[in-house]
Amino acid sequence: MTYLKRISLVLMLAVSFLQAQVPDGYNLWLVYRGINNNQMLKEYNEITKSIYFVADSKILENAQNELAKGLTGMLGPSSLHLTTLSAASNSLIIAKKSKLTPNQLSEIGIDFDHLGKEGFLITTVRSHGREVVLLTANEDVGILYGVFRLLQFMQAQKKIIGIRLIDAPKIELRMLDHWDNLDRTVERGYAGFSLWNWQKLPEFIDQRYIDYARANASIGINGTVLTNVNANAWVLTPMYLDKVEALADVFRPYGIKVYLTARFSSPIELGGLSTADPLNEEVQRWWNVKAAEIYKRIPDFGGFLVKANSEGQTGPQNYGRTHVDGANMLATALQPFGGNVIWRAFVYSEHDATDRAKQAYDEFVPFDGKFNENVLVQVKNGPIDFQPREPFHPMFGAMPKTPLMMEFQITQEYLGFSTHLVFLPKLFEEVLDADTFKKGQGSFVARVIDGSLDQHALSGMAGVANIGNDLNWTGHPFAQANWYGFGRLAWDPYLSSETIAEEWLRATYSNATEFVEPMKKLLLGSREAVVNYMDPLGLHHIFDTGHHYGPGPWVDNLSRPDWNPVYYHKADEYGIGFDRTPTGSNATAQYAREVGDSFNDLKSCPDEYLLWFHHLSWDYKLKNGHSLWDGMALKYQQGVDEVKEMIATWDQMIPYVSESRHKEVKMLLNIQLKEAKWWRNACLLYFQTFSKKELPLGVESPEQTLEYYKSLKFPYAPGIKPRW
Ligand code: GCW
């Protein structure tokens, strides 16, 4: 056995020992497998031979521990060779700007202002005839982010020598919104129960809190909303604030701030007041005192996220006041302490007969410029509700004087729960890349969100978390990629989904081209597959009642019209689709003229949004020459075929993943295939009752009758809204 072979055997044993410590999947994308490329191994050993890195704060300690963990996994035990600062010998220097020598600073030659509070620089400088790698930042948290990135590069076996990477987040608030209830159920959660063990807090600190924070820090997430937007006032009681404080203490050394959802009626429920009217002085005082109480415990508390006057939550309108009155009252309470209010725009009313897709815009746009400076308005990516595909929300093009925060849903409420493999960064990218034309061509949603289009100091992106206490955190092992991808896009909304897919695959599984390339294709195609087998050609909200698991296009008996799928697809003997052009609801008028016109005109309206904006005859001729009916049926079939292809690809991946992981994903893909067929069959049989047309050649015949599909009920599907 050669020396190198012996070394790699020892390494492999050490790594498998390390990996055996935790269940498969628990380590997420922070696996730190042994480096198997000899050339890179040599380079990394050189670089890490003599490291100068003084950890004199909690954040830096975490960064150093991570470095130790990463190097041990990738290079072998005891690979963290820390030494003192010595110009003659250091191969890697990790230090904040304030610790660098004037000489080093002049060699680096960058304007540190570009790095901001959270950015970092990784570069190579020449010193004493050698290349020295330097990782620096203005603040500790920048160093932490830089360490994670350095380790990620190593795991991807990238060359470090010669590197010059300046990276700083483009968005300020990068947050996970947990829809976690105090009883540990998770609304729209499909990965077990809530991570937060409220009963045992504050004394018991579960290791998972720390690992959760680590994972978030590794992708730059810097805020977490612990509780459901369908809020419970209890979390604001002293007993619960003790627990929140304990969590904040765990998250702080990872650069993460804690936020809470504020139940608007709390002054009544907790304070014994008779009203929650935002203009009432006692109510204002109650919130001011509450804010002070919170900040006394948690000096860096992030602020409140609020769902008001939406789906049964009370809000300022209950007292004849406006969203502005409500948001500004809370903003005033938080302002002295530097906190923010994130006020959600997800509103629609049963008393409003207009198209639901128009309501948030109608309600909020008149308030542009009226919110206090520390208020962000959080807008879902599309105007309805996290569908597999929606056009971007028109509010993104209409409120220049208000910082608009993006709300994506990472949990797959409408995309097959944690059973279907769907790579969401593709969906997120589509929205971020959409052009609002707000200030002419190039006014991308990403530029609205990062504040650059309208020069907002505050900016934010939130993702509704898909995390629970399942051993692998997200239920489906591939749903981890959606958490990862969300974080990366919140850091840099201009990243491509392809880059993200590649990063994640390499970090989590393998660098082998035979793995990365086909799996990248699988991930990038998976979102279109789900659209095809659930909601092709702009269909939306045809999910079964309450749980949103499986098809229910026939549902027409719910108390509110806009809760019924028939409201959204409007299928009849003539055709199908929601007319949102000027002949219909005229929702297209909420977009900039260029955008609205292109949606209105059938020649330019993308097929992807056809039935979102138009009601068309079954015989309407699609751009590909098929009739609408045939084209729709073929899309459903295509979705099913795409899942079959995903399975065929996965079958080839046995050499690159553990046996148990392979089996697990294979079983999930088989369920996905079964459910894709279910969607296709149920929807086509139902729509066929209107079109009265045969299925075109190439579309498989449904195995069951429409009555059968209608009879399926799922009273215990996970994630249903609590009823209190
Ligand atoms: O889509 C709906 C969900 C609700 C959710 C609501 C919201 C938290 O079905 O479960 O409630 O959106 O975003 O407020």
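For ligands, and for the atoms within them, numbers begin at 1 and follow the listed sequence.
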Which word best sums up how the rings of [X] and [Y] line up, parallel for under 30°, tilted for 30 to 60°, or perpendicular for over 60°?
X	Y	answer
F599	Y609	perpendicular
F251	Y212	tilted
W679	F543	perpendicular
F486	F428	perpendicular
W678	F714	tilted

Between D206 and R208, does any side-chain N to carboxylate O distance fall below 4.0 Å?
no
Which ligand 1 atoms are under 4.0 Å away from a heavy-atom of [X]?
X	value
K307	6 (C), 7 (C), 8 (C), 11 (O), 14 (O)
F346	6 (C), 7 (C), 12 (O), 13 (O), 14 (O)
Y414	1 (O)
E187	4 (C), 5 (C), 8 (C), 10 (O), 11 (O)
K380	1 (O), 6 (C), 7 (C), 12 (O), 13 (O)
H548	9 (O)

Donor-acceptor check, side chain of T261 to backbone of L305, threshold 3.5 angstrom: yes or no?
no
Is a side-chain N or O of N466 found less than 3.5 angstrom from the main chain of A479, in a donor-acceptor match?
yes
I want to know if ligand 1 touches E407 in the polar sense, i.e. an N/O pair below 3.5 angstrom.
no
Heteroatom proximity flag, N230 to ligand 1, N/O under 3.5 Å:
yes
The option among V229, D385, I384 carrying the non-hydrogen atom nearest to atom 2 (C) of ligand 1 is D385
Please verify whether a non-hydrogen atom of F386 lies at under 4.0 Å from ligand 1.
no
Quick check on E413 - does any of its heavy atoms sit under 4.0 Å from an atom of ligand 1?
yes
Where is the nearest protein heavy atom to atom 6 (C) of ligand 1: which residue, which atom, and how far?
E311 OE1, 3.2 Å
